[in-house]
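Note that the structure is predicted; figures quoted are calculated from it, not measured.
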There are 2 protein chains.
Amino acid sequence: MFAELGYERTTIRAVASAAGIDAGLVMHYFGTKDELFSRAAKLPADELPSGTAEQVAEALLTSLARRLDSEPVASLAVLRSMLTNADAADRYRAAGAPQLSQLTAAIPTHDAELRASLLSAIVHGVIIERYLLRLSRLADASPDQIIDLLRPCFRTLATAQTPPSTDQLSTDG
Amino acid sequence: MFAELGYERTTIRAVASAAGIDAGLVMHYFGTKDELFSRAAKLPADELPSGTAEQVAEALLTSLARRLDSEPVASLAVLRSMLTNADAADRYRAAGAPQLSQLTAAIPTHDAELRASLLSAIVHGVIIERYLLRLSRLADASPDQIIDLLRPCFRTLATAQTPPSTDQLSTDG
DNA sequence: CGCTTCTGTCAACGACCGTAGAATGAGCAG
DNA sequence: CTGCTCATTCTACGGTCGTTGACAGAAGCG
C-alpha cells in the first residue's frame, strides 16, 4: 500500500483492514506508522563490482535491467514516498550513497561525482516513470530494449568519451 | 507550499496562515483545495522547435538548462505531488505529451517514442534530484556543466547513433 | 486447576483536516 | 443617514487520522 499510495495516503486502518485484522493489532506489533513504513520499505543496495568505467557502466545497466524486470514493491514504497516523506527521502539517499561512490571511483574524470549522480538520476527517472507514473511507452517496453538504448548514454557518461562528431550545430552562447 | 510539502501535507489552514489571513477566506476565493492546487500548480509546456533530431535534442538541452537555472515553483509543486496525487500525475502526463510527440516526430527510428520517453525521463529525473531531493552534486553543479555532460546522451538517443567503438566487453546472453 | 503470556478486538481520545455558514465590519451609492 | 456589496473572521460540523488502553479469549505451563 505504501508503494501504491505513498506514505500519507496509506492509513493504519486500511493496512489492518487489508490484512483482515484490527488497527490496534498493527500498532501492537509495529508501535508506530513510521516503524511500519520502516519495516515495509527497503531500497536494495545493489553492489557494483569494481572495475573499469565500461565494466561498471555495464553492471549498472544490468542492475537496471533487473529492476526494470521486477522492481521490488518495497523499493517502490520508498520511491513513491520520497518526495513527501522525510524518512523515505533519507532512505533513498542512504541507499544510493554506496552505489554513487562506487560509480564515482570508477569514473576517471575530475567531475566523476557529477557524472555518477547523473547516472543515478537517469536510473531512477526511468524507474519512476515506468512503475509509478506508468508512462505507457516505458511501461510496455522490455528491459532489454530500454537498456540497449541507454547503453551509449551510460558509456559516454562513465568514460567521458564524446560521441562521434556530427554536423556542427551553431548555437549562440 | 505545494512545491515544498506536496499536496497532502499542504493544508488550507497553513496556506492561509502563511498569507496572514483566515482559512475561510482561502475557501471563499478558491472553493476547494483541489482548485487551489489547480491554480497554483502549472507545468510549463515548453515548445520544441521542429527540425532535425540533433536540433531538437539541442533544444531540449537548452530547455533543461533554463529549468536547471530556475525551475518555476509551480512546476515543482506538480513534480512533488505527482507520485501521491492523481490530479498532479495527470497534469504531469498532460504537460509532457506535446513535448513527447514533438520529440517522437523528430527522431528518425522506429522506436522513436521510446527514445523520446527516455529523454523525458532523464530530464525529469535530473530535475527531481536537483530540486526536490537536493542531491548535493546535482544541486551544486551549474546548468551548463550538467547539459554538457548530458549532450552526448541526448544526441545518441535522439539520432540513434552509436558511440565510438570501445574495447569489446564480453557479456553473456 | 490457576497463572501468565500472547493474540486480538473495541471504544475512545485528542488532533487535525476540508468545508460551510453565520456574523462582523469597512467602503461606497443613494 | 440607509442600504448594499464585498472582504474577512469566527465557530463549528462531520470526518479521518494515529494512537492508547481496557478488555476478552486462547495457549502454554506449573
Side-chain angles (χ1 to χ4, degrees), chain A residues 1-43 72-95 128 131-133, chain B residues 1-43 72-95 132-133:
Chain A
M1 296 189 65
F2 285 125
E4 199 67 28
L5 305 173
Y7 183 84
E8 352 275 342
R9 299 174 71 100
T10 299
T11 75
I12 301 258
R13 282 173 169 86
V15 168
S17 145
I21 58 174
D22 185 88
L25 194 55
V26 177
M27 295 301 297
H28 183 254
Y29 278 103
F30 295 93
T32 276
K33 182 180 178 180
D34 281 303
E35 176 66 16
L36 173 64
F37 177 80
S38 173
R39 298 234 221 140
K42 299 282 176 204
L43 271 183
V73 191
S75 307
L76 294 179
V78 177
L79 293 174
R80 173 86 71 182
S81 305
M82 70 183 176
L83 297 184
T84 47
N85 181 265
D87 184 61
D90 286 345
R91 215 170 278 264
Y92 174 85
R93 275 184 276 265
I128 286 175
Y131 281 108
L132 268 19
L133 296 169
Chain B
M1 295 189 67
F2 285 126
E4 198 68 29
L5 304 172
Y7 183 85
E8 353 274 342
R9 299 175 71 100
T10 298
T11 74
I12 302 257
R13 282 172 168 87
V15 168
S17 144
I21 58 174
D22 184 86
L25 194 54
V26 177
M27 294 301 296
H28 183 254
Y29 278 103
F30 295 92
T32 275
K33 181 180 178 180
D34 281 304
E35 176 65 18
L36 173 64
F37 178 79
S38 172
R39 297 234 222 139
K42 298 279 176 208
L43 270 183
V73 191
S75 308
L76 294 179
V78 176
L79 293 174
R80 174 85 73 182
S81 305
M82 68 182 177
L83 296 185
T84 47
N85 182 264
D87 184 62
D90 287 345
R91 214 169 277 264
Y92 174 85
R93 275 184 278 264
L132 268 18
L133 296 169

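- Taking atom CG on B:Asp22 and atom P on C:dC17, their separation rounds to 14 Å, with Å as the unit.
- Per the geometry, CD belonging to A:Glu35 stands 15 Å off P belonging to D:dG18, to the nearest Å.
- Contact check, B:Tyr29 against D:dA7: a side-chain N or O comes under 4.0 Å of OP1 or OP2.
- Distance CD/A:Glu8 to OG1/A:Thr84: 4.0 Å, rounded to 0.5 Å.
- The backbone N or O of A:Pro72 sits nowhere less than 3.5 Å from a side-chain atom of A:Lys42 that would complete a donor-acceptor pair.
- In this structure, B:Arg9 places its CZ atom 21 Å from P of D:dT16, rounding to the nearest Å.
- Between the CZ atom of A:Arg13 and the CG atom of A:Asp22 there is a distance of 9.0 Å, given to the nearest 0.5 Å.
- When the C1' atom of D:dT19 is taken as reference, atom CZ of A:Arg13 falls 9 Å away, rounded to whole Å.
- Here the nucleotide nearest the side chain of B:Ala23, chosen from C:dT19, D:dT19, C:dT7, is C:dT19.
- Rounding to whole angstrom units, CG of residue A:Leu25 and C1' of D:dG21 are separated by 15 Å.
- Nearest nucleotide to the side chain of A:Ile21, out of C:dT9, D:dT9, C:dG18: C:dT9.
- Among C:dT19, C:dG18, D:dT19, the nucleotide with an atom closest to any side-chain atom of A:Thr32 is D:dT19.
- Nucleotide C:dC16 holds its P atom 16 Å from the CD atom of A:Glu8, rounded to whole Å.
- The distance from atom CG of A:Leu5 to atom C1' of D:dC17 is 15 Å, rounded to the nearest whole Å.
- A donor-acceptor distance shorter than 3.5 angstrom exists from the side chain of B:Arg91 to the backbone of B:Ala41, with no hydrogens or angles considered.
- In this structure, B:Tyr7 and B:Phe2 have parallel ring planes: the angle between them is below the 30° cut-off, well short of the 60° mark.
- For B:Met27, whose side chain is taken as the heavy atoms from C-beta onward, the closest listed nucleotide among D:dT8, C:dA20, C:dC17 is C:dA20.
- Closest to the side chain of B:Thr11, from the set C:dG18, D:dA7, D:dT19, is C:dG18.
- In this structure, B:Ile12 places its CD1 atom 16 Å from P of D:dT8, rounding to the nearest Å.
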